2 protein chains.
Amino acid sequence: MQKGDVLFRQNQTTSGLYRVVSGCVTLQRAGLGGETLTLHRAVSGGLFAEVSVFSATYHCDAICSEAGSVTKIAKADVVAAMQSNPAFSEGFTRLLAVQVQQYRAHIELLAISSAKERILAAVQAGYFNATVTELATRINLSHEACYRALRGLCDDGRMIRVGRGKYTLS
Amino acid sequence: MQKGDVLFRQNQTTSGLYRVVSGCVTLQRAGLGGETLTLHRAVSGGLFAEVSVFSATYHCDAICSEAGSVTKIAKADVVAAMQSNPAFSEGFTRLLAVQVQQYRAHIELLAISSAKERILAAVQAGYFNATVTELATRINLSHEACYRALRGLCDDGRMIRVGRGKYTLS
DNA sequence: GGATTCATATGATCTAGATCATAAAGGATC
DNA sequence: GATCCTTTATGATCTAGATCATATGAATCC
């Protein structure tokens with residue numbers, strides 16, 4: 001799996017869910033204006049497209065954002081395991097429950113009106129793993145506003161610039 | 001259950017999930033500035049706080065927004081049913097999967113930058129069930145902007161004002 | 001029936017972020 | 001090493017939405 005590879009596209013028939021062995025996959029959707037919106041980032045050990053088990057089609061695009069490999073788990077296997085193995089079933093359900101909480105937290109984050117505060121919250125929540133541009137697409141800001149807000153947070157002493165495109169909490 | 005009643009508050013220890021028999025309950029969280037953010041609206045027949053089964057504390061406030069009644073389902077009962085009844089387990093898991101999809105769709109909706117387009121999408125998605133003010137808290141707009149955008153959509157002929165605070169798609 | 005409260009509306013103003021433009025640094029490719 | 005592309009970064013300008021103010025209608029409550 002190379003950077004830029006498409007694992008599946010929105011509206012394609014679902015075949016199963018995936019586990020990231022190495023590298024990184026982002027789930028994204030194209031907005032009305034064609035701009036990309038990042039919905040999820042799955043890194044090593046993480047699963048993605050869990051919901052596909054209950055859906056006929058995928059609801060977003062899965063694009064490789066960092067070279068690596070993934071393994072696919074067939075829908076039928078998941079369904080079978082859920083019926084025969086209560087522990088698996090509970091684990092899978094718990095996985096979805098965690099996602100619901102994460103999305104709620106994300107919606108709350110998006111409700112923060114100030115760019116600086118929103119970015120600070122995003123960094124604290126561990127969103128800033130890749131580029132500033134990618135962060136911007138996750139939190140509904142233009143990348144310019146993102147750079148400026150990061151600059152502002154550094155000026156405030158609330159964050160520290162540790163290099164080109166690298167910032168940490170102070 | 002009367003309007004304004006609190007069923008539970010954020011950070012309270014979870015006891016179980018709820019089914020709305022009649023009336024309406026909204027799940028909301030207080031933003032940083034104290035402004036309310038509506039995360040969910042449960043109406044007759046709907047469940048809410050499903051995620052509490054997997055969480056030690058509630059993550060938002062549940063407030064009655066329309067008088068009626070609810071029944072509580074104890075966490076232990078749900079856990080037991082999930083272990084003994086595969087069909088129940090699958091149904092419950094599906095419920096969470098649907099929520100994940102809904103939240104993703106909501107995040108996509110929030111990424112629409114134009115107030116008019118965002119409101120139109122929200123109305124099409126069936127968000128506009130209560131007041132304009134309540135709609136505003138769900139889609140990260142001030143209520144003034146909401147009224148103006150609704151007015152604009154009527155001027156465009158894309159919506160129709162059918163009464164005070166009542167609008168429908170044309 | 002008067003007082004209170006909340007939702008609906010709209011007008012005026014202000015500002016934060018979008019947008020457009022530019023430029024340089026770094027990485028990949030040939 | 002030259003070229004291309006992406007990311008980083010910042011400046012200038014513009015505008016959509018926030019904010020503040022005001023008024024009215026409808027519901028609730030004594």
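Remember, predicted model here, so these are calculated numbers, not experimental data. Order of the sequence lines fixes the chain letters, A, B, ..., with proteins taken first and strands second; residue numbering starts at 1 for each chain. Below, all heavy atoms of this structure are taken into account, side chains as well, without hydrogens, waters or symmetry copies.
- Under a 3.5 Å cut-off, the side chain of A:Arg41 and the backbone N or O of A:Cys24 do not form any donor-acceptor pair.
- Atom-to-atom, CD1 of B:Ile112 to P of C:dG17 comes out at 20 Å; the value is rounded to the nearest Å.
- For the pair A:Tyr58/A:Arg9, no side-chain contact is recorded, criterion being any heavy-atom separation below 4.5 Å from C-beta on.
- Using modelled atom types, one finds a donor on one side chain and an acceptor on the other under 3.5 Å when comparing B:Thr137 with B:Thr38.
- Residues A:Glu144 and A:Ser113 each lie close to DNA chain D; by heavy-atom proximity, the contact nearer the 5' end of the strand is made by A:Glu144.
- Between A:Glu90 and A:Arg94, at least one side-chain nitrogen of the basic residue sits less than 4.0 Å from a carboxylate oxygen of the acidic one, meeting the salt-bridge criterion.
- Distances from the side chain of B:Leu141 to the nucleotides C:dG11, D:dT8, D:dA18 place D:dA18 closest.
- Nearest to the side chain of B:Thr131, among D:dT10, C:dA7, D:dC20, sits C:dA7.
- Rounded to an integer number of Å, the gap from CZ of B:Arg161 to P of D:dG25 is 12 Å.
- For A:Lys3 and C:dA28, the NZ to C1' distance is 10 Å, given to the nearest whole Å.
- Under the 4.5 Å side-chain criterion, counting only non-hydrogen atoms from C-beta, A:Lys72 is not in contact with A:Leu7.
- In this structure, CD of A:Glu117 is placed 13 Å from P of C:dA16, rounded to the nearest angstrom.
- Following rounding to the nearest Å, A:Arg118 (CZ) and C:dG17 (C1') show an atom-to-atom distance of 9 Å.
- A:Ser89 and B:Ser89 form a side-chain donor-acceptor contact under 3.5 Å, judged by distance and modelled atom types alone.
- OP1 or OP2 of C:dT8 has at least one side-chain nitrogen or oxygen of B:Thr133 nearer than 4.0 Å.
- C:dC6 atom P lies 18 Å from atom CD of B:Glu66, rounded to whole Å.
- Between B:Tyr147 and B:Arg151 there is no side-chain heavy-atom pair separated by less than 4.5 Å.
- Looking at heavy-atom distances under 4.0 Å, A:Ser142 makes contact with a base.
- For the 3.5 Å distance criterion, the side chains of A:Tyr127 and A:His106 qualify, holding a donor opposite an acceptor.
- Listed candidates were C:dG17, D:dG17, C:dA7. Nearest to the side chain of A:Ala115 is C:dG17.
- Within residues 147-155 of chain B, the residues that place at least one heavy atom under 4.0 Å from DNA chain D are, in residue-number order, B:Arg148.
- Looking only at side-chain heavy atoms (C-beta outward), A:Arg104 and B:Leu27 come within less than 4.5 Å of each other.
- Projected onto DNA chain C by closest heavy-atom contact, A:Arg164 and A:Ala145 fall at different nucleotides, the more 5' of which corresponds to A:Ala145.
- Looking only at side-chain heavy atoms (C-beta outward), B:Leu96 and A:Leu95 stay at 4.5 Å or farther from each other.
- The OH atom of A:Tyr167 sits 15 Å away from the P atom of D:dT7 (whole-angstrom rounding).
- For the pair A:Lys166 NZ and C:dG26 C1', the computed distance is 12 Å after rounding to whole Å.
- Fit an axis to the five pairs at each end of the helix from C:dG1-D:dC30 to C:dC30-D:dG1 and the two axes sit 50° apart, to the nearest 10 degrees.
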